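First the structure, in the form of structure tokens, and then the observations on it.
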Amino acid sequence: MTRTGTVLDRIVERTSADLAERRRRVPEGALRAQAHEQAPPVPLVPALRADRVSVIAEVKRGSPSRGLFAPEADAAAVAMDYLAGGAAALSVLTDEPFFHGSLKDLAVVARLAHASPGPVPVLRKDFLLDPYQIVEARAHGADAVLLIVAVLDRWQLAELLGVTWELGMEALVEVHDESELATAVEAGARVIGINNRDLRTFTVDLTVSERLAPLVPADRVVVAESGIHSVADVERLARAGIDAILVGEALMMAPDRRAIVQALGSVEVVRCRGS
Ligand SMILES: O=C(O)c1ccccc1NCC(=O)[C@H](O)[C@H](O)COP(=O)(O)O
């Protein structure tokens with residue numbers, strides 16, 4: 001993990017500083033009590049194993065690479081559209097300074113997703129570096145968290161996975177190359193996200209998923225993330241053996257969010273990965 005002044009480095013530094021402040025304001029004990037008041041987490045793995053590609057639909061107002069593209073988006077209204085379109089899971093960006101999200105968005109979306117007929121799991125999408133943030137996610141209703149291998153060493157990854165599972169939640173463990181994939185598999189990750197976006201350069205390339213997906217053991221769930229815009233993109237990724245896709249910008253910018261979730265989720269899964 002090198003910190004040479006990329007946007008990713010700035011995000012990690014800012015996240016650590018904000019975390020220290022939040023921990024001062026709300027001690028972990030109080031957060032744990034709030035976490036224990038939540039209904040049990042909705043399991044992510046079964047939600048993503050289906051005959052058709054599962055769509056993890058993301059509430060995303062903006063990003064460092066694309067700026068603020070949906071400033072007025074109301075998280076609840078967006079989530080309702082995604083649920084109506086048949087999203088298998090919802091992802092909520094909670095980072096404020098770089099992605100214009102919040103923990104309030106997470107709580108609002110989780111309430112809606114859990115109240116829908118056949119509850120839908122919700123992922124906290126942020127830069128998680130410390131167990132405190134996982135407890136915080138659970139306290140705000142999340143069923144799963146994102147863990148990014150590029151910003152964690154293997155001991156941190158093991159510790160954060162342990163805390164996630166101990167709270168009954170699931171982790172989407174994100175990788176971008178072969179070495180990060182090996183780290184995720186060895187750590188026991190059950191859900192592996194292959195990010196087509198290089199978080200240091202912002203280059204987006206779907207061939208990253210095409211290259212890495214066939215290397216993931218068949219007993220793990222594979223999610224292709226970022227840069228997915230069309231049914232043709234999903235068909236291409238399905239041929240590489242992915243189970244699910246995580247889509248943000250294309251859904252947020254679509255004139256009919258419900259219809260695009262439905263269309264992207266109509267592609268059949270191709271079971272072609274070996275053990
Ligand atoms: O989206 C960014 O610009 C970004 C920059 C730095 C770190 C992470 C970033 N994005 C997080 C994600 O991976 C995406 O929100 C997610 O995969 C959806 O991507 P997209 O469908 O391309 O909006």
Side-chain angles (χ1 to χ4, degrees), residues 1 3-16 48 53-71 73 75 78 82 85 87-102 105-106 109 122-129 144-152 171-177 180 184 191-209 212-213 222-234 236-237 242-254 257 260-261 263-265:
M1 180 175 51
R3 304 254 169 100
T4 52
T6 64
V7 172
L8 182 61
D9 302 326
R10 283 185 12 234
I11 294 173
V12 169
E13 276 160 28
R14 175 71 190 260
T15 302
S16 306
L48 302 184
V53 170
S54 300
V55 179
I56 306 178
E58 184 157 279
V59 179
K60 180 179 186 181
R61 294 192 185 88
S63 71
S65 65
R66 306 289 291 162
L68 189 52
F69 48 76
V78 172
Y82 288 168
L90 302 183
S91 165
V92 183
L93 277 153
T94 56
D95 173 89
E96 301 200 20
F98 294 90
F99 291 85
H100 313 278
S102 68
D105 284 345
L106 175 63
V109 170
V122 176
L123 170 82
R124 179 186 186 184
K125 192 99 178 319
D126 208 314
F127 297 82
L128 302 194
L129 309 167
V145 290
L146 177 75
L147 300 178
I148 306 174
V149 173
V151 301
L152 301 169
L172 170 63
V173 180
E174 180 177 300
V175 304
H176 183 66
D177 62 25
E180 290 179 4
V191 186
I192 296 184
I194 302 174
N195 202 336
N196 298 309
R197 179 176 287 114
D198 181 328
L199 299 187
R200 295 200 161 81
T201 64
F202 298 158
T203 307
V204 178
D205 180 359
L206 298 194
T207 66
V208 175
S209 281
L212 298 186
V222 181
V223 182
E225 302 174 26
S226 305
I228 299 162
H229 291 271
S230 64
V231 169
D233 288 341
V234 183
R236 195 179 146 185
L237 294 164
I242 58 105
D243 300 288
I245 52 173
L246 192 154
V247 190
E249 187 186 340
L251 304 185
M252 293 296 298
M253 300 303 280
R257 293 187 180 121
I260 188 175
V261 170
L264 299 185

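As the structure lists them, so they are numbered: ligands from 1, and atoms in each ligand from 1. Residue numbers run from 1 in the order of the sequence given. The model shown is predicted, which means the values in this text are computed figures rather than measured ones.
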State the atoms of ligand 1, each with its element, that fall below the 4.0 Å cut-off from a heavy-atom position in N195.
13 (O)
Among all protein heavy atoms, pick out the one at the shortest distance from atom 6 (C) of ligand 1; state its residue, atom name and that distance to 0.1 Å.
F202 CE2, 3.6 Å
For ligand 1, which part of R66 has a heavy atom less than 4.0 Å away: the side chain, the backbone, both, or neither?
neither
If you count the atoms of ligand 1 from 1 in the order shown, which ones are under 4.0 Å from a heavy atom of S63?
1 (O), 2 (C), 3 (O)
Does any non-hydrogen side-chain atom of I194 lie less than 4.5 Å from one of V208?
yes
Is ligand 1 under 4.0 Å from a heavy atom in the side chain of F99, in the backbone, in both, or in neither?
side chain
Test item, P64 contacting ligand 1 (heavy atom, 4.0 angstrom)
yes
Short list, please: which atoms of ligand 1 are under 4.0 Å from a heavy atom of K60?
1 (O), 14 (C), 15 (O), 18 (C), 19 (O), 20 (P), 23 (O)
Using the rule side chain to side chain contact (heavy atoms under 4.5 Å, CB included), only one of T94, D126, I11 pairs with F99; which is it?
I11
Which ligand 1 atoms, with their elements, are less than 4.0 angstrom from a heavy-atom of F127?
7 (C), 8 (C)
Residues T203 and D205: side-chain donor-acceptor under 3.5 angstrom
no
If we number the atoms of ligand 1 from 1 as shown, the ones under 4.0 Å from a heavy atom of V247 are 21 (O)
So do L8 and F127 actually touch side chain to side chain, heavy atoms under 4.5 Å?
yes
Under 4.0 Å from a heavy atom of G227: give me the atoms of ligand 1 that qualify, with their elements.
20 (P), 21 (O), 22 (O)
Just wondering, do V173 and V149 contact through their side chains at under 4.5 Å, heavy atoms?
yes
Tell me the nearest of G248, A150, S65 to atom 3 (O) of ligand 1, using heavy-atom distances.
S65
Has I228 got any heavy atom lying under 4.0 angstrom from an atom of ligand 1?
no
Would you mind listing which atoms of ligand 1 come within a distance below 4.0 Å of any non-hydrogen atom of E249?
20 (P), 21 (O), 23 (O)
Considering non-hydrogen atoms of the protein only, which is the closest contact for atom 8 (C) of ligand 1, and what is the distance?
L199 CD2, 3.4 Å
Between T6 and R200, do the side chains contain a donor N or O and an acceptor N or O under 3.5 Å apart?
no
What protein heavy atom sits nearest atom 11 (C) of ligand 1, and how far off is it?
K125 NZ, 3.5 Å
For R66 and F202: C-alpha separation, side-chain torsions, deciding distance, then whether side chain to side chain contact (heavy atoms under 4.5 Å, CB included) applies.
CA-CA 9 Å; R66 306 289 291 162; F202 298 158; over 6 Å; no
Reported NZ-to-CD distance for the pair K60 and E249, which is rounded to 0.5 angstrom
6.5 Å
Ligand 1 to E58, heavy atom cutoff 4.0 Å, flagged ligand atoms 14 (C), 15 (O), 16 (C), 18 (C)
So which heavy atom in the protein is nearest atom 17 (O) of ligand 1, and how far is it from that ligand atom?
S226 OG, 2.6 Å
Measure the shortest side-chain to side-chain distance between E58 and I56 over non-hydrogen atoms and say whether it is less than 4.5 angstrom.
no
Using a distance-only test with no angle check, is there a side-chain donor-acceptor pair under 3.5 angstrom linking S226 and N195?
yes
Can you tell me if N196 uses its side chain to pair, donor with acceptor, with the backbone of S209 under 3.5 Å?
yes
Heavy-atom contacts under 4.0 Å between F69 and ligand 1: side chain, backbone, both, or neither?
neither
